[in-house]
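For the numbers below, each heavy atom of this structure counts, side chains included, while hydrogens, waters and symmetry mates do not.
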Amino acid sequence: MSEMEDLVAKVMADLKDSDTKSAPQATTTATAQTGSQAQPDGKELGRSDYPLFSKHPDLIKSPTGKRVNDITLENVVNDKITPEDLRITPATLKAQGQIAKNAGRAAIQSNFDRAAELTAIPDDRLLEMYGALRPYRSSKQELLDMANELEQQYHATISANFVREAAKNYEIRKKLKGDN
């Protein structure tokens, strides 16, 4: 094995060891009812399904449809894997959120849900949005326009509401463009 493969094997073994110390916790729920990712046996994903990568590699696919097992160092070196193959999908983020929720970490689930929405936004535009959210960079109207874009163009309602809340708070705290 190469040094890189040894390191990856060690990290995976450490993850597996730490996972066996966690108490299993899965909740039975039909996928059709929740719209959530489910295990092949119909159970909702829970704490015992973490890490998803090793417990359910069949549930993880790249945006181009490659399976997680296709993403190997050899395939990267041989140019069979593109940067697009290394991106996470909304489904994988939602599954991770479901695991977090069923482990009693609802706040983390909301972060995964918001991240799932953001995968639809082109990288360049997303970076512009992050820059525009910094204090003193945008007017209230520019932030509200951004929220509308998130909601209407990208169907990112969680993120749109986050930006609307930021606009309101920036106005109260005098953090809008021209306030400094």
Side-chain angles (χ1 to χ4, degrees), residues 11-12 14-63 68 86-123 125-138 140 143-176:
V11 168
M12 290 306 297
D14 288 348
L15 284 172
K16 189 173 188 175
D17 288 344
S18 69
D19 184 52
T20 58
K21 294 174 187 165
S22 300
Q25 180 180 354
T27 307
T28 303
T29 302
T31 304
Q33 292 175 335
T34 63
S36 303
Q37 193 75 32
Q39 300 175 52
D41 62 6
K43 288 184 180 179
E44 197 171 281
L45 296 169
R47 182 181 297 180
S48 64
D49 296 299
Y50 181 82
L52 194 58
F53 170 86
S54 60
K55 300 288 180 82
H56 296 287
D58 53 306
L59 296 179
I60 303 173
K61 290 198 169 126
S62 75
V68 71
L86 301 177
R87 296 169 86 64
I88 196 162
T89 63
T92 299
L93 288 162
K94 292 279 194 182
Q96 291 287 86
Q98 186 179 85
I99 290 169
K101 178 190 84 171
N102 288 328
R105 313 282 304 265
I108 293 174
Q109 180 191 21
S110 350
N111 289 339
F112 278 118
D113 288 344
R114 189 178 51 211
E117 286 184 343
L118 297 177
T119 62
I121 304 169
D123 292 345
R125 181 61 185 129
L126 190 60
L127 289 172
E128 289 171 1
M129 289 177 172
Y130 276 122
L133 280 166
R134 294 180 64 196
Y136 311 111
R137 297 287 175 101
S138 300
K140 183 175 182 181
L143 291 173
L144 294 175
D145 290 345
M146 181 193 313
N148 290 335
E149 176 187 355
L150 284 164
E151 193 165 53
Q152 294 167 9
Q153 188 170 343
Y154 301 109
H155 310 288
T157 55
I158 298 167
S159 299
N161 289 333
F162 175 79
V163 172
R164 287 186 185 102
E165 185 179 337
K168 189 185 311 178
N169 285 310
Y170 280 13
E171 182 176 42
I172 292 166
R173 295 187 174 140
K174 303 289 183 203
K175 301 286 183 183
L176 293 168

Euclidean distance, [Y] [atom2] relative to [X] [atom1], rounded to 0.5 Å:
| X | Y | atom1 | atom2 | value |
| --- | --- | --- | --- | --- |
| Leu45 | Ile99 | CG | CD1 | 5.0 Å |
| Asp123 | Leu118 | CG | CG | 11.0 Å |
| Met129 | Leu143 | CE | CG | 11.0 Å |
| Asp49 | Gln98 | CG | CD | 8.5 Å |

Non-neighbouring partners of Lys168 that pass salt bridge (Lys or Arg N to Asp or Glu O under 4.0 Å), sequence neighbours left out: none
Partner residues of Arg105 under the salt bridge (Lys or Arg N to Asp or Glu O under 4.0 Å) criterion, sequence neighbours left out: none
Might you point out which heavy atoms bring [X] and [Y] nearest each other, and give the distance in Å?
| X | Y | result |
| --- | --- | --- |
| Phe112 | Leu93 | CB-O, 3.4 Å |
| Leu52 | Ala95 | CD2-CB, 3.7 Å |
| Leu176 | Tyr170 | CD2-CB, 3.6 Å |
| Ala166 | Leu133 | CB-CD2, 4.2 Å |

Sequence neighbours excluded - salt bridge (Lys or Arg N to Asp or Glu O under 4.0 Å) pairs with any residue from residues 126-135: Arg125-Glu128
Side-chain heavy atoms of Gln96 within contact of Ile88, under 4.5 Å: no
Criterion side-chain hydrogen bond (donor to acceptor under 3.5 Å, both in side chains) against Asn102, the qualifying member of Glu44, Gln109, Arg47: Glu44
Side chain to side chain donor-acceptor pair (under 3.5 Å) against Gln152, all qualifying residues, sequence neighbours excluded: none
For Lys61, all residues meeting side chain to side chain contact (heavy atoms under 4.5 Å, CB included), sequence neighbours excluded: Arg67
Donor-acceptor pair, side chain of Ser138 and main chain of Ala132, under 3.5 angstrom: yes
Worked check of side-chain contact (heavy atoms from CB on, under 4.5 Å) between Tyr50 and Lys55: CA-CA 7 Å; Tyr50 181 82; Lys55 300 288 180 82; over 6 Å; no
Quick one: side chains of residues 158-165, donor-acceptor pairs under 3.5 Å with protein atoms, not counting sequence neighbours, listed by atom name and distance.
{"residue": "Ser159", "atom": "OG", "partner": "Glu117", "partner atom": "OE1", "Å": "3.0"}
{"residue": "Asn161", "atom": "OD1", "partner": "Arg164", "partner atom": "NH1", "Å": "3.2"}
{"residue": "Asn161", "atom": "ND2", "partner": "Thr157", "partner atom": "O", "Å": "3.2"}
{"residue": "Arg164", "atom": "NH2", "partner": "Asn148", "partner atom": "OD1", "Å": "3.0"}
{"residue": "Arg164", "atom": "NH2", "partner": "Glu151", "partner atom": "OE1", "Å": "2.9"}

